[in-house]
There are 4 protein chains.
Amino acid sequence: MPVERGERATPAQVQGHDRAVSAAGEGKAPRTERGRRTMRAILDAAALEFGERGFHEASISGITRRAGVALGSFYTYFDSKDAVFRALVRDMSDQVRDHVAPLIRAAPDQLAAERAGLLHFIEFVRGHKELYRIIDEAEFVDPESFRLHYATTAERIAKRLQAAATRGEVRGDVSEVHAWAIMGMNVFLGLRYGVWSEDVSPEAVAETIGDMLATGIAPR
Amino acid sequence: MPVERGERATPAQVQGHDRAVSAAGEGKAPRTERGRRTMRAILDAAALEFGERGFHEASISGITRRAGVALGSFYTYFDSKDAVFRALVRDMSDQVRDHVAPLIRAAPDQLAAERAGLLHFIEFVRGHKELYRIIDEAEFVDPESFRLHYATTAERIAKRLQAAATRGEVRGDVSEVHAWAIMGMNVFLGLRYGVWSEDVSPEAVAETIGDMLATGIAPR
Amino acid sequence: MPVERGERATPAQVQGHDRAVSAAGEGKAPRTERGRRTMRAILDAAALEFGERGFHEASISGITRRAGVALGSFYTYFDSKDAVFRALVRDMSDQVRDHVAPLIRAAPDQLAAERAGLLHFIEFVRGHKELYRIIDEAEFVDPESFRLHYATTAERIAKRLQAAATRGEVRGDVSEVHAWAIMGMNVFLGLRYGVWSEDVSPEAVAETIGDMLATGIAPR
Amino acid sequence: MPVERGERATPAQVQGHDRAVSAAGEGKAPRTERGRRTMRAILDAAALEFGERGFHEASISGITRRAGVALGSFYTYFDSKDAVFRALVRDMSDQVRDHVAPLIRAAPDQLAAERAGLLHFIEFVRGHKELYRIIDEAEFVDPESFRLHYATTAERIAKRLQAAATRGEVRGDVSEVHAWAIMGMNVFLGLRYGVWSEDVSPEAVAETIGDMLATGIAPR
DNA sequence: GATGAATGAGTGTTCATTCAT
DNA sequence: CATGAATGAACACTCATTCAT
């Protein structure tokens, strides 16, 4: 889920409310201001509902109840339960990236960038514990977006690693395999130290893993 | 999911058919040989059904149809859909461990062991693609077993790393954090190169990650 | 089941259709007129279905088929099979009381009132043979309403008897025991001469029992 | 449920264990002593199971579990769930009659007999609270035996009343209507003061009702 | 006779989606 | 746009009954 150095934020990504609505590519574009507010309310309610109850336990009526709108209004903005879910996955996916990307870009070199990526990812997760419940459940609800999310993320990591390699910041043979390994580490560390328990600080985790990534665990 | 060096197989783990049945702690113990066979058939059918359709799409009648038994027979051995699922997660969890453990133990040192663990894990996954669909879906269906599975696995990795540290085979400061990172890498690499695509050989992946784990990715 | 003299009808009790719907305290209040009609149709259909087949043989689909609505509509108005049943018991209980109460109040004295109560109760039962099947089955389906129904009825009879005693219309020592005895007589006579067979006229039964109640069966 | 003066006990009715088995006309006669014991165990267990859970909640497996025999053994002795239930209704019906009949016959006259009948009926009920749960549920499970039970009981009461009338112990015009009234009173008083609560002694109830039956409730 | 595994018909309940108002 | 009543497909689970051992 973390993003990486060099990424550019599109204008839409840095704004507040409108972003999520636009990110909801799955939804039907509202024409009035009133409609925009209703759609936003539904999307926020859906994050709560899916986050608390999971996709299958969640219900459309639960979403509209939380949003304070009538059941039927849901279908004014989304075609189906799957559609909101997809919109939400994309929304959350963008949120992580938008949060972590600038902090990665600010790092002096790629190893520091990876350390920062993990650090801020864990921090973000602590404040958004519904993240895993939503993104990971996509594996079963909408494999397409799940696959897309991780494939895209891994690809970006790989590109940055290779760019860093040409700059001499990392070994020359870094590949997609390394990217997947790094992504896997981060996801599991976020789950363990972000969601499950906060018994180790994000800084400590990032420090430890930064070291391991840089020089390995072979005895010196 | 991979296991690690030094682990001892209990007698039950190395047997074939009876093991899975005994692992099905959730089920109701059959009292006759015929019952034992029926239960095994149901458990195998459940692996297929859940693997192909996922927990929510799967149906009890689908399971019994595959198993070639009557619908009602399901309830002779399991209390509910959740109960078979739990039994299955434990069953599969044990299967991975039983497959990989001896190969890890055969490694000359801990770094080689980690390499072997990843190698054989990916190989195992290629032959059991339903693994992820089942174990990962537990996060949503039965968080308890999901948590237990990964917590237990991480703890074992951590113990082996620390034992290896005292033997001087890895750095002295290896910790739980390293264990989670290694587990995360393996799980994602298994997903990418075991389930999604076989475009890179398990040997190549294991070799690459073995190197990274040993000496890191900092430029030499 | 019969009611007694002196009772005041509340406005809700004397109206026709709305009453039963409001009596259905178990149901979910409809918000539109269309909803009100659907709920009433379901309640009426339930009386038929439960009356003809009994609680356990009755099916929700049988109820909705009779009501001419979709299966799912049932759950728009009632939470469960038990819930309609409870609503129905209350509905029927109120119907008897509303029918008999004014006729009891019109009697010149308490002995005449008891006679009238029995008379009109038997008559009512003849036109509503599903009454017993529904109210008495509550003993097994929903003991709470069964108990409430009879406890309340007995208590009212007792109160009227005591009020009559102070007016000198009956013996001074009438008690709860007499009330239960009278209620028991009425219920069984209603069953025998209202539901099972109409071989004796309600008038004759009421006359006979009126006499017995007044002066007993000891030889003069 | 109470019986009345002058009734003759058949030999089978006064024996202990064998009686119930023979009363189980619905069952299949066991040929061996072992079989006789098994059948008795099943019948006793059925009384418990039906008494505690009611007909529909009761299960054959619940009965055999209580009886300590295998599920299949049930069908060695009874054809169906309905069949045990019928056997049980008859069994209990006979038990009440056997208990109350001799005490009724011992009374000096018919009014005293009715008083005694009610008294001992309530006492019996207090020791056999499953009575109502079983006999009354027959109205819905097996209307035939329900009807038979009450029709027979009422008829006997009527006959005794008429015999007493010829002896001058009660009014000359006693009829079936009186019999049903008396039976109804007794059943409801048994329910109220035998099963629901024991707040009034059976003696007091019988005394009160004996008086009412003899001289009515009109002011003197 | 006793055992308990196997059978499968039957039904209450949920909820995404549609549509008349 | 908003509303909420109406729809009906889909499924887990129960349990009386049968029968091979």
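So you know, we letter chains A, B, ... as the sequences are listed, proteins then strands, and number each from 1. Predicted model only: the values in this text are computed from it and were never measured.
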Peer 1: Taking the inter-plane angle between the rings of C:His56 and D:His56 on a 0 to 90° scale, is it parallel (under 30°), tilted (30 to 60°) or perpendicular (over 60°)?
Peer 2: parallel

Peer 1: For B:Met39 and E:dG4, give me the distance from atom CE to atom P, rounded to whole Å.
Peer 2: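 Result: 17 Å.
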
Peer 1: What is the distance from CZ of C:Phe85 to C1' of E:dT11, rounded to the nearest Å?
Peer 2: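 The distance from CZ of C:Phe85 to C1' of E:dT11 comes to 18 Å, rounded to the nearest Å.
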
Peer 1: Quick one: do C:Glu130 and C:Arg133 make a salt bridge, cutoff under 4.0 Å?
Peer 2: no

Peer 1: On DNA chain E, check which nucleotide each of C:Lys81 and B:Thr76 is closest to and give me the residue with the more 5' one.
Peer 2: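 Upstream on the strand: B:Thr76.
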
Peer 1: Atom CG of A:Leu71 and atom OG of A:Ser59: how far apart are they, to the nearest 0.5 Å?
Peer 2: 9.0 Å

Peer 1: In the structure I gave you, are the side-chain heavy atoms of A:Val69 and A:Ile42 within less than 4.5 Å of one another anywhere?
Peer 2: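 When only atoms from C-beta onward are counted, A:Ile42 and A:Val69 do touch, with a gap below 4.5 Å.
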
Peer 1: Just the rounded figure in Å: distance from P of E:dG1 to CD of D:Glu33.
Peer 2: 12 Å

Peer 1: Hey, is the side chain of C:Ser73 poking within less than 4.0 Å of OP1 or OP2 on F:dT7, counting only N and O atoms?
Peer 2: yes

Peer 1: What is the separation between atom CZ on B:Arg36 and atom P on E:dA6, rounded to the nearest whole Å?
Peer 2: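 Rounded to whole Å, this separation is 12 Å.
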
Peer 1: If pairs are Watson-Crick or G-U with both distances under 3.5 Å, what is the dot-bracket string of DNA chain E, marking crossing pairs with [ ] and pairs to another strand with |?
Peer 2: .||||||||||||||||||||

Peer 1: Would you mind reading off the distance between A:Phe78 atom CZ and E:dT18 atom P, rounded to a whole angstrom?
Peer 2: 16 Å

Peer 1: Quick one: on DNA chain F, does B:Ile60 or C:Phe74 contact a more 5' nucleotide (nearest heavy atom)?
Peer 2: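 Here C:Phe74 is the residue nearer the 5' end.
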
Peer 1: Which of the following nucleotides, F:dT14, E:dA2, F:dT17, is nearest to the side chain of B:Tyr75?
Peer 2: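 Of the options given, the side chain of B:Tyr75 lies nearest F:dT14.
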
Peer 1: Atom CD of D:Glu137 and atom CD of C:Glu137: how far apart are they, to the nearest 0.5 Å?
Peer 2: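 Spacing of CD (D:Glu137) from CD (C:Glu137) equals 7.5 Å.
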
Peer 1: Closer to the 5' end of DNA chain F via nearest nucleotide, is it B:His56 or D:Arg53?
Peer 2: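 It is B:His56, whose closest nucleotide lies nearer the 5' terminus.
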
Peer 1: For E:dT21, take OP1 and OP2 only and decide whether either is under 4.0 Å from a side-chain N or O of C:Thr32.
Peer 2: no

Peer 1: Quick one: pull up CD in A:Glu33 and CZ in A:Arg36 and give me the separation to the nearest 0.5 Å.
Peer 2: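 Reported to 0.5 Å precision, the distance equals 5.0 Å.
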
Peer 1: Return the CZ to CD1 distance between D:Phe78 and D:Ile63, rounded to the nearest 0.5 Å.
Peer 2: 9.0 Å

Peer 1: Rounded to the nearest 0.5 Å, how far apart are CD of A:Glu49 and CZ of A:Arg53?
Peer 2: 4.5 Å

Peer 1: Which whole-number value in Å describes the distance from C:Tyr77 OH to F:dG4 C1'?
Peer 2: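 These atoms are roughly 9 Å apart.
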
Peer 1: Please list, in numerical order, the residues of residues 61-72 of chain D that have a heavy atom closer than 4.0 Å to any atom of DNA chain E.
Peer 2: D:Val69, D:Ala70, D:Leu71, D:Gly72

Peer 1: Does D:Arg34 have a side-chain nitrogen or oxygen under 4.0 Å from the phosphate oxygens OP1 or OP2 of E:dA2?
Peer 2: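 Yes.
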
Peer 1: At what distance, to the nearest 0.5 angstrom, does CG of D:Asp44 lie from CG of D:Leu88?
Peer 2: 9.0 Å

Peer 1: Report the distance from atom CZ of C:Arg37 to atom C1' of E:dA20, rounded to the nearest whole Å.
Peer 2: 13 Å

Peer 1: How are the rings of A:Phe55 and A:Phe50 set relative to one another: parallel (under 30°), tilted (30 to 60°) or perpendicular (over 60°)?
Peer 2: parallel

Peer 1: Expressed as a whole number of angstroms, how long is the span from C:Glu49:CD to E:dT11:C1'?
Peer 2: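 Taking CD of C:Glu49 and C1' of E:dT11, I get 12 Å after rounding.
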
